[in-house]
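Hydrogens, waters and symmetry mates play no part in the numbers below; they use all other heavy atoms, side chains included.
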Amino acid sequence: MKESNTNKKSLGYGLIRDKTILDNVIGSVASVGYGLGALLIGVEHKWISYKKAYDRANRTLDTFINYVEGENGFYYHFVNMQTGKREWNCEISIIDTAIFICGAITVGEYFGGSVKQKAETLFTRINWEWYRNKDTNYFYMGYKPEKGFWGHWDMYAEQLMLYILGVSSPTFPIDKSMYYEFKRKKANYKNIKDIIYTYCGTLFTYQFSHAWIDFKDLKDLENINWFENSVKATKANRQYCIDHKQKFKTYDENSWGLTACLSPKGYISCGAKPCDIDLNIENDGTVTPCGAIGSIVFTPKESIKAMEHYYNSYPKLWGKYGFKDGYNLESIKPWFAKEYIGIDKGIELLMLENFLNGTIWNYFMKNQYVQKGLEILDFSVNNQKHSYS
């Protein structure tokens, strides 16, 4: 693939570009996580041979073991496609590392052998405690060697994977209290009640952990079912677009899914109520297909109708990798993105596969550390302690 480094002589083998139209040297660690998940999907659909996919996964993990730059098992958000070194003076990212490691765990369970061994090596390197603020008991949001740590994961967002992986680490485990102490703010949107909402109300925050973790039948000690919560938040996001279609021509019942994406102004974080930000500042009328597609496990009928609408109504939105990253009808000349973003295509692909076959869920949930993490955090099925062994 043109968007991946497949040069076996390169130190950056297996790295995947952040965007398709951008400096060719910029790779995204999170995109690699989704790309690893794409390998087993490709095998299952006979798009790539088992042997080629195994080799690519195996060599990609070698790249992270040996060359990709980071600290304490965590990696920089953006790295050079050829060398694995830090780019753009970016941060060492806990969430992008976690998305990568989820992909590594998944291919490890699928392929076994040396792929599984290397995935475990990478997982056990991560020093989760290093990224924890001991005063607040929250994970920090980011770290740069020039400035240290900043911010906190103090509210619900896309970070559920951090706790499940962190508590089960055999080398640097966190305490389960971290999971139960982040804020769970609730609000209604019209007749959709008690949504545990995220700060910016953007859909990816309700999707990313769910691409790997099958929360459908799971509840924690506070009786929270995160899958049901994402269903409510997704319905609220769609209803918000319906309610504001007089303000923005792009919005309607089949054009919805406000999330981080490209827009005429550049990369922005669109969102919907409930949230804690001023949406009059953030939203500009842009819609991205990955919002609805990445929610297909939560709202299958509505997401399929949205995909049909995008495909049938806007030929400029379709290209060689499927739907491009966004469109906006607000100006005299409608705007359509010309490029694709790796993590946006990733969430589309994994959620579509989970909707159709449950493939990513099935393999990720088999992992011993995922099983252990869910047990430690006291997730249960029908109020019965669930054993994943």
Side-chain angles (χ1 to χ4, degrees), residues 1-42 47-49 51-108 111 114-115 117-119 121-123 125-126 142-146 262 266-267 319-321 324-325 337-347 349-350:
M1 296 187 300
K2 290 183 179 180
E3 316 309 331
S4 302
N5 183 344
T6 56
N7 179 0
K8 294 180 180 179
K9 295 181 180 180
S10 172
L11 301 183
Y13 179 90
L15 293 176
I16 298 174
R17 294 175 69 188
D18 177 54
K19 297 181 179 70
T20 54
I21 302 177
L22 190 68
D23 190 328
N24 287 337
V25 303
I26 304 298
S28 160
V29 166
S31 289
V32 177
Y34 286 120
L36 289 170
L39 288 176
L40 64 100
I41 295 172
W47 301 331
I48 186 174
S49 72
K51 182 178 179 181
K52 286 183 178 179
Y54 183 105
D55 183 63
R56 183 173 289 190
N58 204 31
R59 290 176 183 271
T60 299
L61 298 190
D62 282 337
T63 296
F64 278 79
I65 288 172
N66 296 309
Y67 303 116
V68 179
E69 191 174 6
E71 189 171 340
N72 282 299
F74 296 96
Y75 296 103
Y76 282 101
H77 190 162
F78 301 108
V79 294
N80 186 284
M81 289 280 290
Q82 303 304 319
T83 67
K85 299 298 183 182
R86 179 191 192 187
E87 288 283 358
W88 286 347
N89 194 36
C90 68
E91 81 283 8
I92 288 178
S93 173
I94 186 172
I95 194 65
D96 291 87
T97 298
I99 293 170
F100 161 72
I101 208 68
C102 285
I105 286 170
T106 306
V107 291
F111 292 114
S114 61
V115 177
Q117 293 170 6
K118 291 170 184 177
T121 295
L122 289 162
F123 174 66
R125 279 184 179 183
I126 300 173
Y143 172 83
K144 287 186 179 183
E146 297 85 359
L262 293 173
Y267 191 75
K320 64 179 178 178
Y321 299 133
K324 297 173 185 176
D325 202 62
K338 295 181 179 179
E339 60 189 319
Y340 307 84
I341 294 179
I343 58 173
D344 291 351
K345 300 314 295 179
I347 195 64
L349 179 61
L350 267 62

pair Ile41-Leu350: side-chain heavy atoms closer than 4.5 Å: yes

Between NZ on residue Lys118 and CZ on residue Arg59, distance to nearest 0.5 Å: 9.0 Å

Minimal non-hydrogen separation, Ala337 against Asp325, with atom names: CB-N, 3.9 Å

Ile343 side chain near Tyr34 side chain, heavy-atom distance below 4.5 Å: yes

Ser31 side chain to Asp18 backbone, donor-acceptor under 3.5 Å: no

Chi angles and distances behind the side-chain contact (heavy atoms from CB on, under 4.5 Å) call for Ile101, Tyr75: CA-CA 10 Å; Ile101 208 68; Tyr75 296 103; over 6 Å; no

Shortest non-hydrogen contact between Ala104 and Ala119, atoms and distance: O-CB, 3.3 Å

For Ala57 against Val115, the heavy-atom pair lying closest together: CB-CG1, 4.3 Å

Expected output: side-chain Asn5 to main-chain Gly12 donor-acceptor under 3.5 Å: yes

Beyond-backbone contact of Leu11 with Asn80, side-chain heavy atoms, under 4.5 angstrom: no

Between CD1 on residue Ile21 and CD1 on residue Ile341, distance to nearest 0.5 Å: 11.0 Å

Sidechain-backbone polar pair: Lys345 side chain, Tyr321 backbone, donor-acceptor under 3.5 Å: yes

Point-to-point distance, once rounded to the nearest 0.5 Å, from CD1 of Ile94 to CD1 of Ile92: 11.5 Å

Pair Tyr340, Glu3: side-chain N/O donor-acceptor within cut-off below 3.5 Å: no

Between OG1 on residue Thr6 and OH on residue Tyr13, distance to nearest 0.5 Å: 6.5 Å

4.5 Å side-chain heavy-atom contact, Leu36 and Leu61: yes

Side-chain donor or acceptor of Thr20 paired with backbone N/O of Glu339 under 3.5 Å: no

Atom pair CD (Glu87) and OG (Ser28), whose distance is rounded to the nearest 0.5 Å: 12.5 Å

Rounded distance [0.5 Å steps], CZ in Arg17 versus OG in Ser4: 10.0 Å

Worked verdict on Arg125 versus Ile65 for side-chain contact (heavy atoms from CB on, under 4.5 Å): CA-CA 10 Å; Arg125 279 184 179 183; Ile65 288 172; 3.4 Å; yes

Test item: Arg86 side-chain N/O and Asn89 main-chain N/O as donor-acceptor pair under 3.5 Å: yes

Exercise: identify the closest heavy-atom pair between Ile16 and Met81: C-SD, 3.6 Å

Taking every non-hydrogen atom, the tightest pair across Asp96 and His77: OD2-NE2, 3.3 Å

Lys144, NZ: over 12 other non-hydrogen atoms inside 6.0 angstrom: yes

Asp55 and Lys8 ion-paired at < 4.0 Å: yes

Matching residue for Phe64 among Phe74, Phe100, Phe123 - test: ring pair (Phe, Tyr, Trp, His ring centres under 6.0 Å): Phe100

Taking every non-hydrogen atom, the tightest pair across Gly73 and Thr97: O-CG2, 3.8 Å

Side-chain donor/acceptor of Asn58 to backbone N/O of Tyr54, under 3.5 Å: no

